[in-house]
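The structure under discussion appears below in the form of structure tokens.
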Amino acid sequence: MADPAVQKFILKALMSLPSPVLRAMSGGGVVYRGGRTLDPRFQFLSHAAAKMPSITSLAPDEARAASARGLAAMSGPPEPGVRTENLSIDGPVSREAGGAPLNLRAYRPADQDSGAPLIVFAHFGGGVIGDLETCDAFCGILARTCRTAVISVDYRLAPDHRFPAGLDDVLAAYRWSRDNAARFGAAPGTAVIGGDSMGGNFAAIVAQEMQRTGEAQPALQLLIYPAVDVASETASMSTYGDAYPLSRPIMDWFMGHYMGPDANPADPRLSPDKTEDLTGLAPAVVITAGFDPLVDQGEAYAKRLAAAGVPVTYRCYDALAHGFTAFTGAVPAADAACREIARLVRAALEARV
């Protein structure tokens with residue numbers, strides 16, 4: 001197996017090639033679908049991935065290891081001026097896990113604004129793969145750009161820990177971070193909840209759960225290509241059903257491991273878009289990727305929030321693919337998008353004040 005640093009060097013060299021060359025190496029012309037043109041670097045990565053076994057052919061632990069190796073080559077460098085701290089808190093008490101420790105990673109920028117709320121963030125991975133490294137670069141970007149602390153959550157994964165274990169962990173991490181915000185130099189008693197893909201699912205549910213339990217709403221909800229309907233049948237599920245890195249078969253594989261046999265896809269704690277009344281939820285920054293089976297449901301949820309009177313900032317990055325927050329070291333447009341997202345979050349928080 002090649003050295004990870006060598007793999008990263010080779011990939012960076014390839015990604016620096018001109019777009020026409022990358023497209024030629026990917027089998028030919030422009031990939032145009034659903035009115036969108038795929039970024040040539042994602043096109044190249046998609047072409048290369050097609051020659052490899054799909055994670056659907058792997059056991060979950062093998063898929064986690066393979067994904068971690070691949071994403072390590074794609075991730076950007078640590079953000080300058082941001083220090084990190086790994087910590088552990090008591091996880092939620094359950095019959096399955098008792099009160100098992102819950103691992104977190106805190107990001108603190110050098111020029112932190114003590115008046116800003118901290119951000120709690122949950123990584124992508126369908127509830128089956130991913131860890132603190134998956135969103136490490138993006139969390140550093142958030143911390144530096146928003147000038148606030150970010151807490152990343154290493155929630156439990158299926159199938160060892162099926163729904164609602166991961167959600168329960170994110171809820172526990174959110175409440176603990178909110179209640180201990182001053183420890184991280186952030187505004188006390190409040191927090192932003194955010195995540196991408198399955199993490200976006202968790203973030204949307206956290207905001208709804210705060211309303212159901214009578215707790216204060218998050219300062220903001222950051223939903224990046226969120227999965228808000230696990231049984232969605234929108235047009236994008238077909239148009240981009242074979243997209244990279246998230247396809248319809250991979251989504252089905254994730255849900256087959258994540259959901260137990262008695263789980264109901266219409267449960268709002270699985271599919272937050274099934275909640276009838278979205279009135280009174282926290283302001284939202286909703287982000288989608290163009291080449292993504294989830295693009296339609298993310299856009300639809302943003303429209304539902306806005307129709308319910310929730311302040312919403314919505315952006316779709318048409319040329320990018322699902323999971324782009326983890327590609328900041330390989331796809332310049334992904335890095336640019338992540339930095340713009342962080343600026344949108346900061347602007348939304350400043351608008352609250």
Side-chain angles (χ1 to χ4, degrees), residues 116-122 124 142 146 163-164 167-168 170-171 174-175 177-178 187 189-237 263-290 292-318 322 340-353:
L118 61 74
I119 300 169
V120 180
F121 195 84
F124 68 67
L142 272 179
C146 297
F163 167 80
L167 171 62
D168 287 344
V170 174
L171 279 163
Y174 171 77
R175 289 181 169 117
S177 301
R178 175 197 64 192
T190 186
V192 174
I193 185 63
D196 59 343
S197 193
M198 182 55 79
N201 170 284
F202 293 155
I205 295 168
V206 167
Q208 294 184 9
E209 194 71 7
M210 293 303 101
Q211 190 173 67
R212 285 190 280 264
T213 56
E215 297 171 73
Q217 276 294 293
L220 183 78
Q221 45 181 327
L222 170 60
L223 313 178
I224 304 176
Y225 35 81
V228 292
D229 182 355
V230 299
S232 172
E233 291 294 342
T234 61
S236 63
M237 294 293 291
N264 178 6
D267 182 346
R269 296 179 88 244
L270 267 172
S271 298
D273 194 37
K274 297 301 182 182
T275 296
E276 292 185 8
D277 187 3
L278 304 181
T279 305
L281 294 179
V285 173
V286 184
I287 305 297
T288 54
D292 182 356
L294 302 183
V295 60
D296 285 353
Q297 60 178 277
E299 180 181 11
Y301 192 68
K303 289 178 177 178
R304 284 196 64 210
L305 286 168
V310 175
V312 175
T313 300
Y314 175 72
R315 291 285 189 282
C316 179
Y317 293 92
D318 281 340
H322 189 89
E340 181 177 53
I341 292 166
R343 291 193 295 270
L344 292 174
V345 171
R346 182 172 175 177
L349 291 173
E350 290 174 347
R352 285 178 67 254
V353 176

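For the pair Ile224 and Phe121, the minimum side-chain heavy-atom distance is below 4.5 Å. Between Leu118 and Ser177 the shortest side-chain heavy-atom distance falls below 4.5 Å. Side chains of Arg346 and Arg343 form no contact here, defined as non-hydrogen atoms less than 4.5 Å apart. Contact annotation: the side chain of Leu305 approaches that of Gln221 to within less than 4.5 Å [non-hydrogen atoms, C-beta and beyond]. Side-chain contact between Ile193 and Phe202 is absent, with no heavy atoms from C-beta onward closer than 4.5 Å. In this structure the side chain of Leu171 reaches within 4.5 angstrom of the side chain of Arg269, judged on heavy atoms. Considering only heavy atoms from C-beta on, Ile205 stays 4.5 Å or farther from Val170 through its side chain. Leu294 places none of its side-chain heavy atoms less than 4.5 Å from the side chain of Ser236.
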Report the C-alpha distance between Asp296 and Ser232 in whole Å, list the side-chain angles of each, state the deciding distance to 0.1 Å, and finish with yes or no for side-chain contact (heavy atoms from CB on, under 4.5 Å).
CA-CA 9 Å; Asp296 285 353; Ser232 172; over 6 Å; no
Worked verdict on Leu142 versus Leu222 for side-chain contact (heavy atoms from CB on, under 4.5 Å)
CA-CA 11 Å; Leu142 272 179; Leu222 170 60; 4.3 Å; yes
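Applying the side chain to side chain donor-acceptor pair (under 3.5 Å) criterion to Glu215, with sequence neighbours excluded, gives Arg175, Arg178, Thr213. Residues meeting the ring-ring contact (aromatic ring centres under 6.0 Å, His included) test with Tyr225, sequence neighbours left out: His322, Phe324. In terms of the side chain to side chain donor-acceptor pair (under 3.5 Å) criterion, residue partners of Tyr301 (sequence neighbours excluded) are, by chain and number, Gln208. In this structure Arg304 satisfies the side chain to side chain donor-acceptor pair (under 3.5 Å) test together with Asp273, sequence neighbours excluded.
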All N/O donor-acceptor pairs, side-chain side in residues 276-287, below 3.5 Å, sequence neighbours left out:
unit_1, atom_1, unit_2, atom_2, d
Asp277, OD1, Thr279, N, 2.9
Asp277, OD1, Thr279, OG1, 2.6

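Nearest heavy atom pair, residue Tyr314 against residue Ala302, reads CD1-CB, 3.8 Å. Across all non-hydrogen atoms, the minimal contact from Pro265 to Ser271 is O-OG, 2.6 Å. The heavy-atom pair separating Pro218 from Tyr174 by the smallest distance is CA-OH, 3.2 Å. Pro293 and Thr234 make their closest contact through O-OG1, 4.3 Å (heavy atoms, listed as atom of the first residue, atom of the second, distance). Smallest separation of non-hydrogen atoms from Ala219 and Val192: CB-CG2, 4.1 Å. Shortest non-hydrogen contact noted between Gln211 and Gln217 is N-NE2, 3.5 Å.
A distance-only check finds no donor-acceptor pair linking the side chain of Asp318 to the backbone of Gly290 [under 3.5 Å].
Rounding to the nearest 0.5 Å places CG of Leu344 at 6.0 Å from OG1 of Thr313. Summarising the geometry, atom CG belonging to Leu167 is positioned 7.5 Å from atom CG belonging to Asn201; distances are rounded to the nearest 0.5 Å.
Applying the salt bridge (Lys or Arg N to Asp or Glu O under 4.0 Å) test to pairs two or more places apart or on separate chains, those with a residue in residues 216-230 are Asp229-Lys274.
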